[in-house]
> 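Can you read through this structure? Questions will come right after.
The sequence lines fix the lettering, A, B, ..., with proteins before strands; numbering per chain opens at 1. From a predicted model like this one, the values you see are computed outputs, not experimental measurements.
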2 protein chains.
Amino acid sequence: MDKLTTNDAVALLRRAGVPVTVQRLEIARVLFSRPLHVSADQVLAMARENAPETSRATVYNTLKLFREKKLVKELIVDPERVVYDSNTHPHYHLYDINTGELTDVSAEELRVVGVPRLPEGVELEQVDVIIRVRGKAVSEAA
Amino acid sequence: MDKLTTNDAVALLRRAGVPVTVQRLEIARVLFSRPLHVSADQVLAMARENAPETSRATVYNTLKLFREKKLVKELIVDPERVVYDSNTHPHYHLYDINTGELTDVSAEELRVVGVPRLPEGVELEQVDVIIRVRGKAVSEAA
DNA sequence: GTACTTGCAAATTGTTTGCAGACAC
DNA sequence: GTGTCTGCAAACAATTTGCAAGTAC
């Protein structure tokens, strides 16, 4: 609900080396007020609440920029759409195939043992773990 | 190169409870002659080598059917396209962001420790681990 | 004959692109 | 003034859908 103050958002962008604009500010305030899993379209909708003139293309541009600057992580979890995660600390995910719900699994809780040594010249970008579950007994008789 | 015999492919489909048709046979022969990572379009191209009248829609239908029957696994690794894996044994993947190359990591090599207990009604579908790397020093001076 | 499959082409959807105007410094 | 952003609309690509004809038993 309560978003980042404009000042905090400006500071955050500057620190990351992202030139500040009105739209980027609003998108940052949407994303970084709390850890969030959102699609580009959801970001657009949320940004437009406060900055109605924001365009879809700008959201895509901004999300790409934020990813380059390591402000968000892209989650490739659903073939339909990319999900952006504003939590960039190492952690993993639990994904409900039926509902599309995405839940964090902390890196303390879950460990990946035995990541193979990489050939020289190849560097690790990130390790994704997605625990796919189906269930939540898609309410039949409600 | 050498594909499954028609008899073997028929047996394989029957065992999985998939009604046999010419197209499904050819797609099965393409997929199950060896462990493979392929996109729908690649399957189409490979199937058309022997069965040129195969349509794109049929390939999508068949891949979806094969997935339901657990004959292939869907890998959500690249936002652009779904990759089908004809190796359904538990294993994980290493993905080169630059080249798109996808490599298996065996379940002996890599272990996921601490998968959280699931609420009742929720059942585990599969655990995906994708080690994303960038590198292979995209040949500059070749 | 009945039910399932197929091929085709059109529709859909997330994302990207080209470009002209707006903005920042 | 120059270079960076933005909005818009058109372009794109993977996948899905509707439907009429084809096939299997």
> For B:Arg24 and C:dT6, give me the distance from atom CZ to atom C1', rounded to whole Å.
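Going from CZ in B:Arg24 over to C1' in C:dT6 covers 10 Å.
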> Could you spell out the base pairing of DNA chain C in dot-bracket, with Watson-Crick or G-U pairs whose two distances are under 3.5 Å, [ ] crossing and | to another strand?
|||||||||||||||||||||||||
> With sequence neighbours excluded, tell me which residues meet ring-ring contact (aromatic ring centres under 6.0 Å, His included) with A:Phe32.
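In terms of ring-ring contact (aromatic ring centres under 6.0 Å, His included), with neighbours along the sequence ignored, A:Phe32 is linked to A:Phe66.
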> Taking side chain to side chain contact (heavy atoms under 4.5 Å, CB included) as the definition, give me every residue that meets it alongside A:Asp128, ordered by chain and number, with sequence neighbours left out.
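By the side chain to side chain contact (heavy atoms under 4.5 Å, CB included) rule, A:Asp128 matches A:Gln126, B:Ile130, B:Arg132.
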> Under the rule for side chain to side chain contact (heavy atoms under 4.5 Å, CB included), what residues qualify as partners of A:Pro116, not counting sequence neighbours?
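Per chain and number, A:Pro116 pairs via side chain to side chain contact (heavy atoms under 4.5 Å, CB included) with B:Leu94, B:Val105, B:Glu109, B:Leu110, B:Ile131.
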> Taking ring-ring contact (aromatic ring centres under 6.0 Å, His included) as the definition, give me every residue that meets it alongside A:Tyr92, ordered by chain and number, with sequence neighbours left out.
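Residues passing ring-ring contact (aromatic ring centres under 6.0 Å, His included) with A:Tyr92: none at all.
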> Among residues at least two apart in sequence or on other chains, which ones pass side chain to side chain contact (heavy atoms under 4.5 Å, CB included) with B:Ala57?
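Only B:Ser55 meet the side chain to side chain contact (heavy atoms under 4.5 Å, CB included) criterion with B:Ala57.
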> Taking only side-chain nitrogens and oxygens of B:Thr58, does any of them come within less than 4.0 Å of OP1 or OP2 of C:dT5?
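False: B:Thr58 side-chain N/O out of range (4.0 Å or more) of C:dT5 OP1/OP2.
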> Scan nucleotides 15-25 of chain C nucleotide by nucleotide, 5' to 3', and note B when protein non-hydrogen atoms come under 4.0 Å of the base, S if they reach only the sugar-phosphate, - if neither.
BBB--------
> Can you give the first and last nucleotides of DNA chain D, 5' to 3', that have an atom under 4.0 Å from a heavy atom of chain B?
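That gives a stretch of D:dA14 to D:dT17.
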> Going by the ring-ring contact (aromatic ring centres under 6.0 Å, His included) test, which pairs reach into residues 97-124 of chain A, not counting sequence neighbours?
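For residues 97-124 of chain A, and leaving out neighbouring residues, there are no ring-ring contact (aromatic ring centres under 6.0 Å, His included) pairs at all.
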> My understanding is that only residues two or more places apart in sequence, or in another chain, count here; which of them pass ring-ring contact (aromatic ring centres under 6.0 Å, His included) with A:His93?
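Only A:His37, A:His91 meet the ring-ring contact (aromatic ring centres under 6.0 Å, His included) criterion with A:His93.
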> Output, in order, the C-alpha distance, side-chain angles, deciding distance and verdict of side chain to side chain contact (heavy atoms under 4.5 Å, CB included) for B:Val38 and B:Val83.
CA-CA 5 Å; B:Val38 278; B:Val83 172; 5.9 Å; no
> Share the residues that join B:Tyr60 in a hydrophobic cluster, the rule being Ile, Leu, Val, Met, Phe, Trp or Tyr side chains under 4.5 Å apart at the heavy-atom level.
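Its cluster partners, ordered by chain and number, are none at all.
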> How long is the line joining CD of B:Glu26 and C1' of C:dT5, in whole Å?
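In whole Å, C:dT5 C1' lies 17 Å from B:Glu26 CD.
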> From CG of B:Leu44 over to P of C:dT6, roughly how many Å is that when rounded to an integer?
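For the pair B:Leu44 CG and C:dT6 P, the rounded distance is 13 Å.
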> Not counting sequence neighbours, which residues clear side chain to side chain contact (heavy atoms under 4.5 Å, CB included) with A:Asp78? List them please.
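Partners of A:Asp78 under the side chain to side chain contact (heavy atoms under 4.5 Å, CB included) test: A:Glu80, A:Arg81, A:Tyr95.
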